[in-house]
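From a predicted model like this one, the values you see are computed outputs, not experimental measurements. All values below come from the heavy atoms of this structure, side chains included, with hydrogens, waters and symmetry mates left out.
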Amino acid sequence: MRRIFSALLCATLVAGCELGGMIKPEPAAKPAAQKPVPPTQEQIVKAFTLLNDKLRVDYERALDERGTRSIPADRASAFAALNAGLIRLGMIVESRDPDVGTLTVAAPAPRPLSADEWRRTIQSDLPMMAAILCPILGPHCTAIKFEPDDYVIAINATVRGTERGGSEISLTTRMREIAPRPGMPRRDYPPPTGVRMALDKIWAAFDEALALQQKDGARKAP
């Protein structure tokens, strides 16, 4: 009762006097969080153009390191083994000319990678891609998904004979858009980890098919 009387007396005699913590002030309302401003079309184009340039550089480096092989087998044997190996990886032949030594195969992305290999590719390359996109797109870059939907992976192969009777095989790959996105730069190059992983799988399938071919040939020989 004495504390209540003291409070009333303070309020009556001295305007604005403190009550020694007896009455707690209402907490100040927090300002409403502002939604981040979405990027402009110009920013989106700039960000993905820079990303495509980076992917192109890494793609060309991967081809220099792993895109070409020379083997002692003749061109016909190398071509047949490459054709068999790519089909084994789930690729579909679009055109083939054994006489010229050209072969084009394609399949819905992420082939020749599996779904798990694609996830590992994105986990590996996402920090690099975010470092390019986020400074331009801001917080909205975290909403971008790098999924293989709406893309086809095309692989072009060339098999040439060498002077010593062997073969040289060269591979290139591209991403084809099934449903182009208006206002977005076209993506031609897969993530660099995916390119290296796909090339390794193709060569492994080729080696296996060539070994099987040579084994069958030795078995049929008189």
For a quick test of reading the model, state the closest non-hydrogen atom pair linking [X] to [Y] and the distance between them.
{"X": "Leu55", "Y": "Tyr189", "answer": "CD1-O, 3.5 Å"}
{"X": "Pro110", "Y": "Ser114", "answer": "CG-O, 3.9 Å"}
{"X": "Asp125", "Y": "Gly194", "answer": "OD2-N, 4.2 Å"}

Task: Gap separating the CD1 atom of Ile178 from the CZ atom of Arg176, nearest 0.5 angstrom - done: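 These two atoms lie 10.0 Å from each other.
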Open item on the list: With rounding to the nearest 0.5 angstrom, report the CG to CG distance, Leu82 to Leu86.
Closed with: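 Answer for the CG-CG pair, Leu82 versus Leu86, is 4.5 Å.
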Task: Counterpart residues, ring-ring contact (aromatic ring centres under 6.0 Å, His included), relative to Phe79 (two or more places apart) - done: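 Here no residue qualifies.
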TODO: Decide, yes or no, whether a salt bridge links Lys54 with Glu60 under the criterion of side-chain N to carboxylate O below 4.0 Å.
DONE: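 The answer is no: the pair does not qualify as a salt bridge.
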Task: Cationic N near anionic O, under 4.0 Å, Glu65 to Arg61 - done: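 No, no charged N to carboxylate O under 4.0 Å.
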Return all side-chain donor-acceptor pairs below 3.5 angstrom for residues 197-211, not counting sequence neighbours, or 'none' if the list is empty.
unit_1: Asp200; atom_1: OD1; unit_2: Arg66; atom_2: NH1; d: 3.1
unit_1: Asp200; atom_1: OD2; unit_2: Arg66; atom_2: NH1; d: 2.6
unit_1: Lys201; atom_1: NZ; unit_2: Pro112; atom_2: O; d: 2.9
unit_1: Lys201; atom_1: NZ; unit_2: Glu117; atom_2: OE1; d: 3.1
unit_1: Trp203; atom_1: NE1; unit_2: Arg66; atom_2: O; d: 2.6
unit_1: Asp207; atom_1: OD1; unit_2: Arg69; atom_2: NH1; d: 3.2
unit_1: Asp207; atom_1: OD1; unit_2: Arg69; atom_2: NH2; d: 3.1
unit_1: Asp207; atom_1: OD2; unit_2: Arg69; atom_2: NH1; d: 3.3

Task: Stacked cation flag Arg187 on Tyr151, 6.0 angstrom / 45 deg - done: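 Output yes; distance and angle both within limits.
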State whether the side chain of [X] and the backbone N or O of [Y] hold a donor-acceptor pair below 3.5 Å, judged by distance alone.
{"X": "Ser167", "Y": "Ala78", "answer": "no"}
{"X": "Thr158", "Y": "Ser170", "answer": "no"}
{"X": "Thr49", "Y": "Val45", "answer": "yes"}
{"X": "Asp58", "Y": "Pro192", "answer": "no"}

TODO: Taking the side chain as every heavy atom from C-beta outward, state whether Ile155 and Met91 have any atom pair closer than 4.5 Å.
DONE: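 Result yes, sub-4.5 Å side-chain heavy-atom pair found.
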Task: Residue pair Ile136 / Leu50, side-chain heavy-atom distance below 4.5 Å - done: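 Counting from C-beta outward, Ile136 and Leu50 do come under 4.5 Å.
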TODO: Spell out, yes or no, whether Ile71 and Leu103 are grouped together once hydrophobic residues are joined by side-chain heavy atoms under 4.5 Å, including indirect joins.
DONE: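 Yes.
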TODO: Could you list the residues that satisfy salt bridge (Lys or Arg N to Asp or Glu O under 4.0 Å) with Arg174, not counting sequence neighbours?
DONE: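 For Arg174, no residue satisfies salt bridge (Lys or Arg N to Asp or Glu O under 4.0 Å) once neighbours in sequence are set aside.
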